[in-house]
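Quick note on labels: first sequence line is chain A, next is B, and so on, each numbered from 1. Bear in mind the structure is a predicted one, so any value in this text is a computation, not a measurement.
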2 protein chains.
Amino acid sequence: MAVTMNDVARAAGVSLKTVSNVINNYEFIRPATKQRVLEAIDELGYETNLTARSLRSGKTSMLGLVLADLSIPYYAELASDIMKAAWARGYRVLVEQSGNEPEHEKAALQGQFRSLTDGLLFIPLALDAEQIISAAGKKPLVLLGEFVQDPRLDMVLIQNQEAAAAVTTHLLAGGRRRIAVLGAHDGDETGSNGLRLRGYRAALAAAGVEYDPALVVPCDWRRDAGADATARLLDSGVEFDAVFGLNDVLALGALHELLVRGRKVPEEIAVAGFDDIDESRFASPSLTTVAPGRTEIAERAVELLIQRIESKDAALTVQQPKAAFEMRVRQSAP
Amino acid sequence: MAVTMNDVARAAGVSLKTVSNVINNYEFIRPATKQRVLEAIDELGYETNLTARSLRSGKTSMLGLVLADLSIPYYAELASDIMKAAWARGYRVLVEQSGNEPEHEKAALQGQFRSLTDGLLFIPLALDAEQIISAAGKKPLVLLGEFVQDPRLDMVLIQNQEAAAAVTTHLLAGGRRRIAVLGAHDGDETGSNGLRLRGYRAALAAAGVEYDPALVVPCDWRRDAGADATARLLDSGVEFDAVFGLNDVLALGALHELLVRGRKVPEEIAVAGFDDIDESRFASPSLTTVAPGRTEIAERAVELLIQRIESKDAALTVQQPKAAFEMRVRQSAP
DNA sequence: ACGTTGGTATACATCGTTGCAGATGGAGCG
DNA sequence: CGCTCCATCTGCAACGATGTATACCAACGT
């Protein structure tokens with residue numbers, strides 16, 4: 001059916017292996033031979049069968065990427081950056097959606113699908129470090145997004161605490177004293193929510209503002225949950241003059257609910273988020289937020305994973321680079 | 001290195017082929033044998049090497065998906081739906097971003113990467129039907145998004161014209177008479193922009209409202225372009241009482257610009273879009289738009305492609321199912 | 001008792017490529 | 001002139017699975 005190396009070899013009057021050598025840029029080939037082979041390839045429309053190459057070489061040149069759902073803007077934007085970074089290094093990306101369910105995450109770590117990839121980029125949401133380590137196979141694994149932190153695992157870190165503190169400090173500098181937080185429980189310590197909450201508390205403490213657990217509203221990190229949480233907060237009668245959504249969609253949900261209820265943003269209530277998704281720039285009012293260094297995260301993670309894949313030396317020490325963050329001050333909290 | 005069928009066979013005291021038969025649920029295997037094999041598989045932690053299977057069987061169980069960029073919400077949401085639909089039928093999806101560039105689109109159609117997939121879902125933006133047909137290989141191909149229309153190609157159609165007419169009619173019913181259109185040239189005939197513009201004109205005509213080319217503002221289908229176009233429109237002094245963004249991000253960009261300039265939406269100017277991305281529901285004010293049937297599109301496209309892949313009968317007639325659309329009336333244009 | 005049937009298991013070739021170990025032959029050297 | 005030496009090319013085996021053909025054996029019918 002398809003054209004194989006054998007056909008090319010016959011057409012060019014050389015051995016199959018020579019065709020292979022030409023394709024793989026083997027050094028010692030007479031220019032004339034090389035040209036003959038290339039012409040034959042062109043003429044027959046030969047294309048390398050990547051499946052066969054993978055089988056023989058044991059490499060697929062594909063990276064797995066496990067995330068909750070592409071319909072979540074932050075993940076979509078991150079995935080886009082990851083794919084570009086991988087592509088630039090000659091790798092493709094096979095995305096798998098976990099739907100934020102432990103079973104799916106585990107399946108993605110162990111599943112057959114791993115045999116199609118040389119390594120895995122993983123944004124864990126439901127599994128903890130122990131589970132990840134026990135479920136993971138032998139293939140290289142790099143974590144993103146630091147819901148999980150563990151010294152045994154390679155990962156690219158976001159400066160959750162520092163960046164959340166920066167947002168809070170910015171709100172405080174704007175004169176806000178009652179800053180509601182959406183997306184965390186009062187007791188949270190670990191994970192992005194815990195770390196961001198800790199940053200918030202640290203910033204309050206540094207400014208000498210008292211921490212009030214009543215201002216901390218737990219909810220899922222979704223737009224509608226952010227809106228709901230804001231509604232509950234308004235209804236509860238708790239006073240506040242700012243809302244800090246632990247991610248942008250939460251903040252945008254809050255923004256929407258506040259405007260629906262006729263509250264003025266930012267005059268009455270300031271709103272800030274975390275992630276700097278594309279949409280935040282174009283919200284009305286545009287959203288003040290902090291950019292966690294998405295492109296840098298993508299590039300570092302891809303680089304680290306590929307380094308693991310291509311290095312023979314498995315004994316490399318664990319790496320956990322940190323991405324730089326940057327405040328984006330906009331209308332919702334000037 | 002990895003555990004192979006051979007290892008399992010040895011451990012279970014059967015032939016390699018019997019292991020293969022067990023894995024593929026071959027009918028005639030004694031339960032005792034089957035159990036022994038399954039135990040051996042479990043014990044050794046055997047996993048099928050999908051690469052080898054692909055080579056032998058000629059099927060990869062992967063679908064290619066070519067789109068402009070995952071960071072564009074509509075594509076991200078569509079990709080998410082497509083991946084779910086494919087996954088449910090035992091296929092994986094390999095995404096490739098074309099960046100809306102002809103060269104990349106062509107490369108994606110022909111590229112080596114095709115040898116990794118059994119068929120391709122393609123959202124063409126830069127290539128026309130002729131180019132697609134000449135660039136495409138022999139593998140099954142299904143088009144989405146109907147920038148391209150051609151009786152020779154399988155594709156899932158959006159009811160661009162009808163849906164755009166519905167939006168326009170809705171705006172007219174709200175008393176608007178000067179409806180600006182963002183994202184099309186006055187002369188456009190083909191592609192989504194042309195079709196949607198035609199729907200707009202048809203609705204105007206049906207309502208006896210005169211068409212004014214000055215209200216048609218060409219621009220890229222991006223948020224910032226929508227904002228810019230709106231700014232230009234406002235500056236030009238052309239009067240209008242509604243804006244129809246030919247997709248949601250255009251409308252959201254417009255919404256933002258209008259609010260920044262202090263125009264009241266919808267009192268002064270109504271805004272409507274096209275796509276019903278998640279974000280539109282949570283904009284402030286929430287965006288009136290039309291849902292083109294994204295999930296249905298994803299499912300139909302995947303179904304059609306898989307049908308092509310699995311049917312021996314290549315002589316099937318071209319199929320072009322249409323997805324149903326639905327108005328979503330919200331605050332920006334009640 | 002013997003050929004037939006059909007469930008069960010196996011051997012071998014094969015998918016298209018690359019790694020390895022030579023084979024070939026002309027240039028360079030003593 | 002004979003012998004390395006090295007650029008160039010080739011053949012074979014192998015990656016790990018599946019398709020085809022066939023072997024084996026118990027049960028069955030006549």
Side-chain angles (χ1 to χ4, degrees), chain A residues 1-38 40-41 44-62 90 112-118 139 310 312, chain B residues 1-38 40-41 44-62 90 112-118 137 139 312:
Chain A
M1 197 63 186
V3 183
T4 76
M5 272 191 179
N6 227 323
D7 303 325
V8 176
R10 216 179 343 259
V14 297
S15 80
L16 184 160
K17 190 67 230 269
T18 298
V19 177
S20 169
N21 285 335
V22 167
I23 288 176
N24 293 287
N25 284 313
Y26 179 65
E27 190 178 2
F28 302 114
I29 299 179
R30 220 174 314 161
T33 312
K34 185 165 185 172
Q35 172 147 4
R36 221 158 4 112
V37 171
L38 291 176
I41 287 177
L44 299 179
Y46 168 78
E47 279 182 9
T48 312
N49 180 319
L50 297 179
T51 303
R53 174 182 288 176
S54 288
L55 175 59
R56 181 63 241 236
S57 67
K59 290 202 37 173
T60 63
S61 291
M62 291 210 277
Q112 296 218 322
F113 134 104
R114 294 221 54 186
S115 78
L116 288 172
T117 62
D118 293 336
K139 286 197 183 166
E310 294 180 351
K312 300 16 178 149
Chain B
M1 197 60 188
V3 184
T4 75
M5 272 194 179
N6 228 324
D7 302 326
V8 176
R10 218 180 340 261
V14 297
S15 80
L16 185 158
K17 189 66 227 272
T18 298
V19 178
S20 169
N21 285 335
V22 168
I23 287 177
N24 293 287
N25 285 313
Y26 179 62
E27 191 178 358
F28 302 115
I29 301 180
R30 221 174 314 164
T33 312
K34 185 167 186 172
Q35 172 147 4
R36 229 165 351 120
V37 171
L38 291 175
I41 286 176
L44 298 179
Y46 168 77
E47 278 181 10
T48 311
N49 181 320
L50 297 179
T51 303
R53 175 181 288 177
S54 288
L55 175 58
R56 184 60 242 239
S57 68
K59 290 203 36 172
T60 63
S61 291
M62 289 209 278
Q112 298 219 319
F113 134 104
R114 293 221 56 185
S115 79
L116 287 172
T117 62
D118 293 336
K139 286 197 182 164
K312 304 6 183 156

Separation of atom [atom1] in [X] from atom [atom2] in [N], rounded to whole Å:
{"X": "B:Asp7", "N": "D:dG16", "atom1": "CG", "atom2": "P", "value": "9 Å"}
{"X": "A:Leu16", "N": "C:dT18", "atom1": "CG", "atom2": "P", "value": "9 Å"}
{"X": "A:Lys59", "N": "C:dT18", "atom1": "NZ", "atom2": "C1'", "value": "14 Å"}
{"X": "B:Asn21", "N": "D:dT20", "atom1": "CG", "atom2": "C1'", "value": "12 Å"}
{"X": "B:Ile23", "N": "D:dT18", "atom1": "CD1", "atom2": "C1'", "value": "11 Å"}
{"X": "A:Glu47", "N": "C:dT17", "atom1": "CD", "atom2": "P", "value": "11 Å"}
{"X": "A:Asn6", "N": "C:dT14", "atom1": "CG", "atom2": "C1'", "value": "13 Å"}
{"X": "A:Asn24", "N": "D:dC9", "atom1": "CG", "atom2": "C1'", "value": "15 Å"}

Closest to the [X] side chain: [options]?
{"X": "A:Thr18", "options": "C:dT8, C:dT17, D:dC9", "answer": "D:dC9"}
{"X": "A:Phe28", "options": "D:dA7, D:dT10, C:dG16", "answer": "D:dA7"}
{"X": "B:Ser20", "options": "C:dG16, D:dT18, D:dA17", "answer": "D:dT18"}
{"X": "A:Tyr46", "options": "D:dA17, D:dC9, C:dT17", "answer": "C:dT17"}
{"X": "B:Asn49", "options": "D:dG16, C:dT17, C:dT18", "answer": "D:dG16"}
{"X": "A:Tyr26", "options": "D:dC15, D:dT8, D:dT18", "answer": "D:dT8"}
{"X": "A:Val14", "options": "D:dT10, D:dA17, C:dT17", "answer": "D:dT10"}
{"X": "A:Ile29", "options": "D:dC9, C:dT17, C:dT18", "answer": "D:dC9"}

What verdict does the side-chain contact (heavy atoms from CB on, under 4.5 Å) test give for A:Gln35 and A:Leu38, after you've listed the backbone C-alpha separation in whole Å, the side-chain angles of each residue and the deciding distance to 0.1 Å? CA-CA 5 Å; A:Gln35 172 147 4; A:Leu38 291 176; 5.6 Å; no

If the cut-off is 4.0 Å, is [X] near the phosphate of [N], judged by side-chain N/O to OP1 or OP2?
{"X": "B:Arg30", "N": "C:dT8", "answer": "no"}
{"X": "A:Ser15", "N": "D:dT10", "answer": "yes"}
{"X": "A:Thr33", "N": "D:dC9", "answer": "yes"}

**Prompt:** Do A:Lys59 and A:Glu310 pass the side-chain contact (heavy atoms from CB on, under 4.5 Å) test, and can you show the C-alpha distance, the side-chain angles, and the key distance before you say yes or no?
**Reply:** CA-CA 10 Å; A:Lys59 290 202 37 173; A:Glu310 294 180 351; 4.1 Å; yes

Heavy-atom donor-acceptor pair, B:Thr51 side chain to A:Leu55 backbone, under 3.5 Å:
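Pair absent, no side-chain N/O of B:Thr51 close to backbone of A:Leu55.
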
How far apart are the C-alpha atoms of A:Val22 and A:Val19, what are their side-chain angles, what is the distance that settles it, and do they pass the side-chain contact (heavy atoms from CB on, under 4.5 Å) test? CA-CA 5 Å; A:Val22 167; A:Val19 177; 5.7 Å; no

**OP:** Please figure out whether B:Arg36 or A:Lys17 has its closest DNA chain C nucleotide nearer the 5' end.
**Re:**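 Result: B:Arg36.
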
Self-check item: From CA spacing to verdict: side-chain contact (heavy atoms from CB on, under 4.5 Å), B:Ile23, B:Arg53
Solution: CA-CA 12 Å; B:Ile23 287 177; B:Arg53 175 181 288 177; 3.7 Å; yes

> Rounded to the nearest 0.5 Å, how far does OG1 of A:Thr117 lie from CG of B:Leu50?
Replying inline: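 Atom-to-atom, B:Leu50:CG and A:Thr117:OG1 are 10.0 Å apart.
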
Kindly say whether, by distance alone, the side chain of B:Arg56 makes a donor-acceptor pair under 3.5 Å with the base of C:dT14?
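Counting by modelled atom types and ignoring angles, a donor-acceptor contact under 3.5 Å is found here.
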
